[in-house]
Undergrad: 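Handing you this structure, nothing more for now.
In this chain, residues are counted from 1 in sequence order. Values below: all heavy atoms of this structure, side chains included; hydrogens, waters and symmetry mates excluded.
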Amino acid sequence: MFLAEVQNAISEKKICVLIPTYNNEKTLKRVIDGVLEYTESIIVVNDGSTDSTPQILAQYPQITVISLPENKGKGNGLKTGFRAAKNSGYDYAITIDSDGQHYPDDIPVFVEALLQEKEDVLLIGNRNMSQDGIPKKSSFGNRFSNFWFWFETGIRLEDTQSGYRLYPLHKIPKKYFTPKFEFEIEIIVRTAWKHVPVKNVPIKVLYDPAERVSHFRPFKDFTRISILNTILVTITLFYIIPRNFLNNFKKKSFKKFIKEDVLESDGSNRTKAFSIALGVFIGLSPFWGFQTLLVISLSVLFKLNKVLAFVASNVSLPPFIPFIIAASLFLGAPFVSGDSDILSQDLNFELIKNNLLQYIIGSFILSTTLSALTGIASFLFLNKVSPENN
């Protein structure tokens, strides 16, 4: 796009550029000057800087500056900037870090990508993390973040940690729970949960150790990110997946729902059979309280059908529990010395506690056997009703 076209598009789409900054006096001016080539719709949030940042910002009367009295973290700075942008009538905000790693001349990349979309979208700059000069810890952290974002949303991205982004201000959540670096994970996950597309766009990146000042604290911030991902995974498993399942059920005819959401017509019969086998195995194994978490996690890990696996795991519904307990104790008896007439006793959890090893061994034998049989039977049945072309 030509410069004039970019400038016009920024104005028409009501886009501002948001720059959160904290003690980046070496690079801040260069970033602002670069952005000014495209727009004066700039909001800088000075997050309690103690260097010469206030003096630098005083040179730009044409931009909006929000100065916070003390440093409260990047997440808090972004939230402050988003509120100011919405109050000023903007619909989108491009966020760019002030540490010099982002190139302002990539702004047209975001603008052009937005113009090509037919709906609101959240765009994340995709850095080339394999290029020379990229710290290995940054590359690892990005892969780690990409995996959990995919697990929590089902969306595959190559870069989820870049701070160079375009946000649809009226589609992102209104309230947040994290104030620091982990905020940038929370916002993209929760925006994706609102069915807003999240996509990557290619950008350049510069890592200059002489200029760049990173405020990332490896231990503290990684711990905060890990805690956040634990919470997000829990919400995904126990709310988001069931919610989406029910919403799809309400929107579609029963036949279409079964075909697309339960059988997932694009999955192979082998994948479906393995999914059912996994569900039966987890459902019959002694993982009480963790069955849903395990079956969904393993389904995602091995790229199986989550719905089929979850449904099959409910083989251990309350009416079947006494039979499962009895069969497990019976199968485990030959491997544990003790009362051989154990099944003549009342089947209850006290019996399991007193004969725990016998029950565990037997339950794994039962789950493995029935899992294999169910998987084979499911595969043969699916091949009969829906043969695949080899």
Side-chain angles (χ1 to χ4, degrees), residues 16-85 87-88 90 93-107 110 124-125 127 133-135 137-138 141-142 161-167 176 178-187 203-225:
C16 70
V17 177
L18 173 59
I19 308 175
T21 187
Y22 174 61
N23 288 351
N24 284 127
E25 61 183 2
K26 294 182 179 179
T27 53
L28 178 59
K29 180 175 174 56
R30 185 175 77 230
V31 173
I32 295 176
D33 288 342
V35 175
L36 282 172
E37 294 184 15
Y38 300 94
T39 181
E40 291 186 355
S41 298
I42 301 174
I43 299 175
V44 178
V45 179
N46 177 14
D47 191 20
S49 297
T50 57
D51 58 5
S52 62
T53 293
Q55 290 74 31
I56 295 173
L57 294 177
Q59 302 172 27
Y60 299 95
Q62 70 272 46
I63 69 176
T64 299
V65 176
I66 301 173
S67 297
L68 304 179
E70 59 180 309
N71 177 253
K72 292 187 176 181
K74 186 178 183 182
N76 182 70
L78 288 171
K79 285 185 280 187
T80 301
F82 290 150
R83 285 194 299 268
N87 291 337
S88 298
Y90 294 109
I94 295 176
T95 60
I96 180 172
D97 291 346
S98 62
D99 61 4
Q101 70 164 298
H102 299 149
Y103 289 83
D105 62 13
D106 276 328
I107 287 177
F110 290 91
I124 303 176
R127 303 161 294 175
I134 302 295
K137 61 181 181 181
S138 296
N142 190 53
Q161 288 196 318
S162 171
Y164 209 170
R165 303 177 177 187
L166 181 143
Y167 290 97
Y176 304 93
T178 53
K180 299 184 182 296
F181 282 99
E182 69 275 14
F183 170 85
E184 290 183 298
I185 297 174
E186 178 191 354
I187 191 171
I203 61 168
K204 304 181 291 295
V205 64
L206 171 66
Y207 276 86
D208 187 346
E211 284 189 333
R212 188 167 182 262
V213 178
S214 175
H215 303 292
F216 185 82
R217 302 162 300 176
F219 179 76
K220 288 185 177 180
D221 289 317
F222 188 79
T223 299
R224 296 173 70 98
I225 290 171

Undergrad: According to side-chain hydrogen bond (donor to acceptor under 3.5 Å, both in side chains), who are the partners of Tyr164, at least two apart in sequence or on a separate chain?
TA: none
Undergrad: Got a second to check how far Ile56's CD1 is from Ser49's OG, nearest 0.5 Å?
TA: 9.0 Å
Undergrad: Do you know which two heavy atoms are closest between Ile96 and Val17, and how far apart they sit?
TA: CG2-CG1, 3.7 Å
Undergrad: Going by distance alone, is a donor N or O of one side chain under 3.5 Å from an acceptor N or O of the other, for Asp33 and Tyr60?
TA: yes
Undergrad: Does Ser67 have any side-chain hydrogen bond (donor to acceptor under 3.5 Å, both in side chains) partners at least two apart in sequence or in another chain, and if so, which?
TA: none
Undergrad: Can you find a heavy atom in the side chain of Leu68 that is under 4.5 Å from one in the side chain of Asn76?
TA: yes
Undergrad: How long is the straight-line distance from CD1 of Ile63 back to SG of Cys16, given to the nearest 0.5 Å?
TA: 12.0 Å
Undergrad: Indicate the atoms forming the closest heavy-atom contact of Gly34 with Pro104, along with that distance.
TA: C-CB, 3.4 Å
Undergrad: Looking only at heavy atoms, which two atoms of Lys180 and Lys72 are closest? And how far apart?
TA: NZ-O, 3.7 Å
Undergrad: Do you see a donor-acceptor pair shorter than 3.5 Å between the side chains of Lys74 and Tyr22?
TA: no
Undergrad: Do you know the tightest heavy-atom contact between Pro54 and Asn46?
TA: CG-ND2, 4.0 Å
Undergrad: Given side chains that start at C-beta, do those of Gln55 and Glu25 come closer than 4.5 Å, heavy atoms only?
TA: no
Undergrad: Please confirm whether the backbone N or O of Ser98 pairs with a side-chain atom of Thr27, one donor and one acceptor, at under 3.5 Å?
TA: yes
Undergrad: With heavy-atom distances below 4.5 Å as the criterion, would you say the side chains of Leu36 and Gln62 are in contact?
TA: yes
Undergrad: Tell me, do Tyr103 and Ile203 make a side-chain contact under 4.5 Å, heavy atoms counted?
TA: no
Undergrad: Is the closest side-chain heavy-atom distance between Phe82 and Ile187 below 4.5 Å?
TA: yes
Undergrad: Indicate yes or no: at least one non-hydrogen side-chain atom of Ile66 is less than 4.5 angstrom from one of Arg83.
TA: no
Undergrad: Would you say the side-chain atoms of Asp97 pair up with the backbone N or O of Asp99, donor to acceptor, closer than 3.5 Å?
TA: no
Undergrad: Is it true that a side-chain atom of Asn23 and a backbone atom of Thr50 form a donor plus acceptor pair closer than 3.5 Å?
TA: yes
Undergrad: Atom CG in Leu166, atom CD1 in Ile107: separation rounded to 0.5 Å?
TA: 10.5 Å
Undergrad: Lys204: what forms a salt bridge (charged side-chain N to carboxylate O under 4.0 Å, His left out) with it, not counting sequence neighbours?
TA: Asp105, Asp106
Undergrad: Tell me every residue that passes side chain to side chain contact (heavy atoms under 4.5 Å, CB included) with Thr178, counting only those two or more places apart in sequence or in another chain.
TA: Glu182, Phe183, Glu186, Leu228
Undergrad: Hey, could you give me each pair passing salt bridge (Lys or Arg N to Asp or Glu O under 4.0 Å) that has a residue in residues 34-63? Not counting sequence neighbours.
TA: none
Undergrad: Are the side chains of Ser52 and Lys29 in touch, meaning some heavy atoms are under 4.5 Å apart?
TA: no
Undergrad: Please report the shortest heavy-atom distance between Ser162 and Arg127, naming the atom on each side.
TA: N-NH2, 3.4 Å
Undergrad: Return the set of residues passing side-chain hydrogen bond (donor to acceptor under 3.5 Å, both in side chains) with Tyr38 (not counting sequence neighbours), or none when no residue passes.
TA: none
Undergrad: Please report the shortest heavy-atom distance between His102 and Gly163, naming the atom on each side.
TA: CE1-C, 3.7 Å
